[in-house]
Amino acid sequence: MTTSAEDEGTGEGFTAAVVGGSGFTGGELLRLLVGHPAFEVVQATSREYENKTVGYVHPNLRGLNLRFSSPEELESVDVLFAATPHGVSMQHIDSFRDAAGLVVDLSADFRLPEADAYDEWYDGHTATEHLADAEYALPELNRGNLPGAELIAAGGCNATATLLAMKPLVDAGVVTGDDRVVVDVKVGSSEGGASGGKASSHPERSGVVRPYAPTGHRHEAELEAYLDLPTAFTVHAVEMVRGASATCHAFPDGPVTKGDLWGAYREAYEDEPFVDLVAGGGGTYRYPEPKAVAGTNRAEVGFALDPGNERVVAFGAIDNMMKGSAGQAVHAANVALGLEETAGLDQLGLHPVGSP
Amino acid sequence: MTTSAEDEGTGEGFTAAVVGGSGFTGGELLRLLVGHPAFEVVQATSREYENKTVGYVHPNLRGLNLRFSSPEELESVDVLFAATPHGVSMQHIDSFRDAAGLVVDLSADFRLPEADAYDEWYDGHTATEHLADAEYALPELNRGNLPGAELIAAGGCNATATLLAMKPLVDAGVVTGDDRVVVDVKVGSSEGGASGGKASSHPERSGVVRPYAPTGHRHEAELEAYLDLPTAFTVHAVEMVRGASATCHAFPDGPVTKGDLWGAYREAYEDEPFVDLVAGGGGTYRYPEPKAVAGTNRAEVGFALDPGNERVVAFGAIDNMMKGSAGQAVHAANVALGLEETAGLDQLGLHPVGSP
Amino acid sequence: MTTSAEDEGTGEGFTAAVVGGSGFTGGELLRLLVGHPAFEVVQATSREYENKTVGYVHPNLRGLNLRFSSPEELESVDVLFAATPHGVSMQHIDSFRDAAGLVVDLSADFRLPEADAYDEWYDGHTATEHLADAEYALPELNRGNLPGAELIAAGGCNATATLLAMKPLVDAGVVTGDDRVVVDVKVGSSEGGASGGKASSHPERSGVVRPYAPTGHRHEAELEAYLDLPTAFTVHAVEMVRGASATCHAFPDGPVTKGDLWGAYREAYEDEPFVDLVAGGGGTYRYPEPKAVAGTNRAEVGFALDPGNERVVAFGAIDNMMKGSAGQAVHAANVALGLEETAGLDQLGLHPVGSP
Amino acid sequence: MTTSAEDEGTGEGFTAAVVGGSGFTGGELLRLLVGHPAFEVVQATSREYENKTVGYVHPNLRGLNLRFSSPEELESVDVLFAATPHGVSMQHIDSFRDAAGLVVDLSADFRLPEADAYDEWYDGHTATEHLADAEYALPELNRGNLPGAELIAAGGCNATATLLAMKPLVDAGVVTGDDRVVVDVKVGSSEGGASGGKASSHPERSGVVRPYAPTGHRHEAELEAYLDLPTAFTVHAVEMVRGASATCHAFPDGPVTKGDLWGAYREAYEDEPFVDLVAGGGGTYRYPEPKAVAGTNRAEVGFALDPGNERVVAFGAIDNMMKGSAGQAVHAANVALGLEETAGLDQLGLHPVGSP
Amino acid sequence: MTEAECVECGSAVTLHDDLEIGEIVDCGTCGAELEVVDVSPPVLERAPELEEDWGE
Amino acid sequence: MTEAECVECGSAVTLHDDLEIGEIVDCGTCGAELEVVDVSPPVLERAPELEEDWGE
Ligand SMILES: NC(=O)c1ccc[n+]([C@@H]2O[C@H](COP(=O)([O-])OP(=O)(O)OC[C@H]3O[C@@H](n4cnc5c(N)ncnc54)[C@H](OP(=O)(O)O)[C@@H]3O)[C@@H](O)[C@H]2O)c1
Ligand SMILES: NC(=O)c1ccc[n+]([C@@H]2O[C@H](COP(=O)([O-])OP(=O)(O)OC[C@H]3O[C@@H](n4cnc5c(N)ncnc54)[C@H](OP(=O)(O)O)[C@@H]3O)[C@@H](O)[C@H]2O)c1
Ligand SMILES: NC(=O)c1ccc[n+]([C@@H]2O[C@H](COP(=O)([O-])OP(=O)(O)OC[C@H]3O[C@@H](n4cnc5c(N)ncnc54)[C@H](OP(=O)(O)O)[C@@H]3O)[C@@H](O)[C@H]2O)c1
Ligand SMILES: NC(=O)c1ccc[n+]([C@@H]2O[C@H](COP(=O)([O-])OP(=O)(O)OC[C@H]3O[C@@H](n4cnc5c(N)ncnc54)[C@H](OP(=O)(O)O)[C@@H]3O)[C@@H](O)[C@H]2O)c1
Ligand SMILES: [Zn+2]
Ligand SMILES: [Zn+2]
């Protein structure tokens, strides 16, 4: 492979750094930025793998001529992507913003608009003065506020799958904040990040249907903040590495038809470059499935109507590493910088594919 | 392997036949009956594999000295187990009952008490005169009516997982028939049976989180019939071969404590030989998981309390081939015949185990 | 998704048809050609799915505005790709070549140079007059003969993995045709194609290590033809959908050093755009692995030296649907037509990724 | 579950302790001993989980009323099973033998007859005075020497699969020590034990075909010692949790027929209670497969003849946690103590089953 | 029950009583598919190999 | 062997004899991790929740 970090630079391009480049979403950012026509990666940090090549950790990037460097010595770049665990970005946000005009953070540190919410759902916030500057990354929700933003917070993966599934119902008034929605999410093991642990060892994690967050999942906070929707949220770990799939059970107050639903979803996503509607139809793939979008920035969104139970079931399926984090981050950066929205994000899914 | 069908017979034993012995649950019945101290298998039917050894189809039964024979020529036995697709048993029920004093049917043909329900949920019923004789197999629900029964109908696998999870809440009055319950089930590929089809080919079925029955699943009928509970039911296919896991989201009218819930579940299952309570605690396995019970007749049942959403999440995890069909059938036969309840059903699960 | 078959055309582009477009490698060809800067897909055939959209079968191509049409009515195109079962191309080769100046066939029908070999390994050949025109696609073996070719035969997937692993040893004289080489291949389920069958149903095929061709595999013929190497070939089905991995055990006559081996492999592949050498080193990914190249046209090739046994173990790992068929076909077409070799083939692998 | 460690005791029974009871093979020993008619488990040690219930670690043993205790305080028992990492048993062998009349060790510490071999293949041996007492556990090789033994060493899992496949060929003189045999083994992730590590995290380990020991695997030493056969050994990690499958490529000097091979294998295994011959035939399962024996102490052994290459391919498939360690250990203890050979080991495999 | 010898592996194959010529049975030891070519006494031959449905 | 009541689920927890204050045991019924806060008679309290290593 002859791809080289240096080759990518062009007069009109942007330089980029990835803090946390040895992690799962950091590696995904590198994959995307290396193939992006407008970005040149000049730094990827890792404390554990300092001085090792990026390909030592990420075998798909063996062709990349770049070594990990310390997060203590950040280069000046146009865009700094932070793919570090919760809490790290809020600690280093001043130096991140010193190093780059645009910071895109993948953690939860700047996702919620109110400092209070961090006290309720996380362990508080230590850099609240930056919260007002932060824009939620998901363009389908917040496209208008991204151009020119200086601090962007990529949404949570499970929240993203749910938001995309439910937003058309909320916007169309089919569901209101008074109705409780039950959200049952199934996720892959890459959500846990690269640091491992006993429960995520292969023998223990294989083949599970494991209720890993039966209640109290932190992404409820994002749904309240951005959809104004109280959700009863439960997350299961299932056998896949990449993927998050949200099944949302909503109970509209009045009667609703399939036509109403198609209207709501087409209205919401007709012009969206990364959302496909999959709702019924024929063949093997009739509803959203994460494996169909693995490796891509696409979201599959769909619904089914259950008249007997006066229920609408809404589905959202994404790749947690892409639309659920790194892809969403690059998409938002594209919008913020005035680039083509799909630049660097035109990967197609695979068929057939196993459990990606 | 030296196990032989003939070896099993003992003076006080019962002879058994398995109609549909080449199928998935038929094979599981054979595995159980061959190892059962009180049964002697004298016939296993298959039209496609007539005259072939049972081990030709089921590699785990290579040691069994038995060949498939035609379902047209049924032997006289004490117990006939039918593991055929829906509709077959109702067609042949007279000859089944002629051949055996006790018929245990694994299909839905005799599960529902009312003929009307078959018109609503299935394609009607053509042997309604037998419905009054039929007893629902699940001993945790219907133990008292099994002794002496002549026709027993094993419950549906997804219904069984749900019934076991919800029954304690209903019995304790925590949930009433006025509250809608959302049930989100995840199942393995063996639920589809041995006949295959494109969507269940390995390349297409691997790694899925596929909403295969988003609404209108027929097992809703069993929940209404036996729990008097309206359920909003959705079933997903996930990556496993064996297993059914029900996550039930219930919204009790009044406040409920963890103590109330422990009370309800212990009351229900303290003396049950096949139900384990798994609800929180420590380590890797904190809630019910199907892989922990794969290959066994055990059910794991548990719950979590979500005070913020006034919600109880109830879980039930079983092996669809065992507690969800063949194991339940043998358990019910044990009760019906006055045998030790756990006879032939003492398999322990495996740890670690992948995706069984 | 807004990709449209019609959008792709440019003045300097080539039109393409895919016969067998509803199959696995046919779908992969479509994925590649849709993203290829120089091709415009004007036809994809299927008898079973005639008039259905391509996205009905291939969920990753839902954005493609194209419907399957009958293979009986071939359009005139620049390049016709045939992705049909063995025997179909030899039957229709005249009409294929009438329809297109360049035919690229993915089946075995034109892979072997000698008609005799078809009698020995296959069921004979009915269009032997075309054999002389056919060029073996693998550019690493046959690049020089591809420009201007009119009939190109993509190599077998298992043969490709083996050829790439062994060729440097043969070229460098480390191994000669007098030494028997043992080749032990592990493959994914997509090798079986979309037509399914009982042994490839999910419950039966999951989790296997199944010797599916213990001896007598037809790809031995390609190894003899193109490498002049007698191989003792055994193929196992293992749990993955995409991937073929060849482990070759060779016993050189004289002593050989690691340096010799590195020399041989670097000599062979230094300038190859699609071959990565992976031989020892550190981290988790030390030798070729198919999952690291899934979805890409890359091959990982490597080796280990076993002085105690006077053995060299050579490894080759590819995606059977890409480097092992569709990707190799497009690569060869690029060379034949004078395009950039990597055009349309710059997909990067994923990390982490499960069992793709 | 009502199984209780105390319940098991009977007048004629043996008490047992498991050192390393929190590990994978330790847990498997506990599963077997709890269900064994002649054993009563009185101790299971763990340093990390001291005082926790056995079910905290092994969810399949939740019904067992036993807590882990410290390996520093060993109870006096009839049989002590040690399931600790290499090196631990040789360090504590004196106290083990003080505590029990029969010690069965699952590690490599007492497998090889010669102290020298430990210098060559391991890090030397510090308790060589016990080597003369040690008997290799595999009854198919060493049944005659087990009765009355005081120290038994269970064989390595990959060695066991290979020994069972090759022994009939050696005994019948089809293969001699002058012929090099190539052995290509595929193993599941439980071989690595419970302690984990990055390469065995679920995202990295899933779906692999990974050459984890391309050369120099220590089990070569056992093959030399017990079969007098030089083997070129390569081990691959593949996607399964349980299972080891050896494919052995042997090149007999003279011609050999299928009849010769059937003769050799029937001669070797006709009376063996745990070995099934699977060699060709029809249906889906034609050669040995690890998933068919998962959870059982069975071995599937088979062969294929490749006349063109003058090759015999011999296969052996086992569950590494059973026939490859804990099951073999209990089998050997049964023989040593004069119990029924199959006592506690009558588990049947599952069909269908995924990737157990 | 009658018995016949398997031509593949040499073991005894147990057969049902109302055996008919042309029936296909499998050997319980080696799994070979065998055709009944005579019934009294029963004689078995290797049945024509069915195509594997394993694909490639 | 002594017994104590689990504060989580109310069932009896079997304990070993040489119990020490501060030891952590788990309840055999509900799996809760319990701290020994007194030994004669034994009294158990819910142990401080260990962080899950499940990640997200
Ligand atoms: N995984 C997902 O699907 C997903 C989805 C949405 C959002 N997210 C969010 O994305 C972030 C990264 O997740 P991940 O899954 O990629 O995690 P990960 O695989 O664990 O990677 C974390 C990275 O951060 C680095 N790091 C850790 N602590 C650091 C510190 N104190 N200073 C500097 N660097 C540090 C690590 O490298 P060194 O230790 O070598 O420096 C590593 O490169 C998290 O906030 C997560 O919540 C993840
Ligand atoms: N799979 C599960 O997890 C599960 C769980 C709960 C309940 N069940 C129920 O159990 C029953 C069997 O399911 P399965 O999954 O075992 O199905 P399966 O694998 O498809 O097996 C069906 C069996 O029935 C035989 N059969 C089909 N049509 C027949 C006919 N007309 N007359 C006589 N025999 C016939 C088949 O053999 P031949 O065609 O060779 O005769 C085969 O042995 C179904 O009613 C299913 O709903 C299954
Ligand atoms: N799968 C692999 O990994 C792989 C690797 C290397 C080489 N190959 C070779 O590539 C070829 C295709 O393999 P595949 O796996 O893609 O097979 P597949 O999934 O079974 O697809 C076969 C395609 O051919 C069409 N077809 C079948 N018979 C036909 C006929 N008589 N006339 C016209 N169209 C016909 C089928 O569609 P309709 O029936 O709807 O027309 C289908 O689109 C084979 O020759 C195979 O050996 C495959
Ligand atoms: N896994 C297999 O498939 C397999 C097959 C054949 C042979 N074996 C052999 O069996 C043995 C155990 O393997 P495994 O896979 O079960 O390993 P494992 O899962 O890592 O378990 C090791 C056990 O030993 C205990 N232990 C570790 N160091 C100890 C020490 N210094 N003193 C006392 N106890 C100690 C551990 O518990 P605490 O740390 O809590 O005390 C744990 O219970 C190894 O020798 C292995 O080579 C394994
Ligand atoms: Zn035979
Ligand atoms: Zn408790």
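In what follows, every chain begins at residue 1, and chains take the letters A, B, ... in the order their sequences are listed.
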(request) Using a 4.5 Å cut-off on heavy atoms from C-beta on, say whether the side chain of D/Glu239 contacts that of C/Val238. (result) no
(message) When you compare the side chain of D/Val182 with that of C/Phe251, does any pair of heavy atoms fall below 4.5 Å?
(response) yes
(request) Give the minimum heavy-atom separation between D/Ala304 and C/Pro214, together with the two atoms involved. (result) CB-CB, 3.7 Å
(message) Within the 4.5 Å heavy-atom criterion, are C/Arg286 and D/Arg210 side-chain neighbours or not?
(response) no
(request) Could you tell me the separation between the CG atom of D/Asp306 and the CD atom of C/Glu220, rounded to the nearest 0.5 Å? (result) 6.0 Å
(request) Answer yes or no: is there a side-chain heavy-atom contact under 4.5 Å between D/Val209 and C/Glu289? (result) no
(request) Check each atom of C/Phe303 against the heavy atoms of chain D and say whether the ones under 4.5 Å are side chain, backbone, both or neither. (result) neither
(request) Kindly give the heavy-atom pair with the smallest separation between C/Arg180 and D/Asn309, and that separation in Å. (result) NH1-O, 3.2 Å
(message) Let me confirm one number: the OG1-CG distance from C/Thr215 to D/Leu305, rounded to the nearest 0.5 Å.
(response) 7.5 Å
(message) Could you check whether atom CD of C/Glu310 has more than 12 heavy atoms from other residues, nucleotides or ligands sitting under 6.0 Å from it?
(response) no
(request) Counting only heavy atoms closer than 4.5 Å, note whether C/Pro307 contacts chain D via side chain, backbone, both or neither. (result) neither
(message) For C/His202, which atoms come within 4.5 Å of any heavy atom of chain D: side chain, backbone, both, or neither?
(response) neither
(message) At a 4.5 Å cut-off on heavy atoms, which part of D/Val241 comes close to chain C: side chain, backbone, both, or neither?
(response) neither
(message) Quick check: closest heavy atoms across C/Pro203 and D/Pro352, and the distance to 0.1 Å?
(response) CB-CB, 3.9 Å
(message) Quick check on D/Thr231 against chain C: is it the side chain, the backbone, both or neither that has a heavy atom closer than 4.5 Å?
(response) backbone
(request) Using atom types as modelled and distance alone, determine if a side-chain donor or acceptor of C/Lys198 lies under 3.5 Å from a backbone N or O of D/Gly283. (result) no
(request) Give, for atom OG1 of C/Thr247 and atom NE2 of D/His236, the distance between the pair rounded to the nearest 0.5 Å. (result) 2.5 Å
(message) For residues 311-318 of chain D, give me every residue with a non-hydrogen atom less than 4.5 Å from any non-hydrogen atom of chain C.
(response) D/Arg311, D/Val313, D/Phe315
(request) For residues C/Arg205 and D/Thr284, determine if any side-chain heavy atom of one lies less than 4.5 Å from a side-chain heavy atom of the other. (result) no
(message) Out of D/Ser206, D/Ala294, D/Gly243, return the one with the most heavy atom pairs under 4.5 angstrom to chain C.
(response) D/Ser206
(message) Out of C/Gly354, C/Ser355, C/Ala232, return the one with the most heavy atom pairs under 4.5 angstrom to chain D.
(response) C/Ala232
(request) For the residue pair D/His249 and C/His249, establish whether any side-chain heavy-atom pair is separated by less than 4.5 Å. (result) no
(request) Output the distance between atom NZ (D/Lys186) and atom NZ (C/Lys186), rounded to the nearest 0.5 Å. (result) 4.5 Å
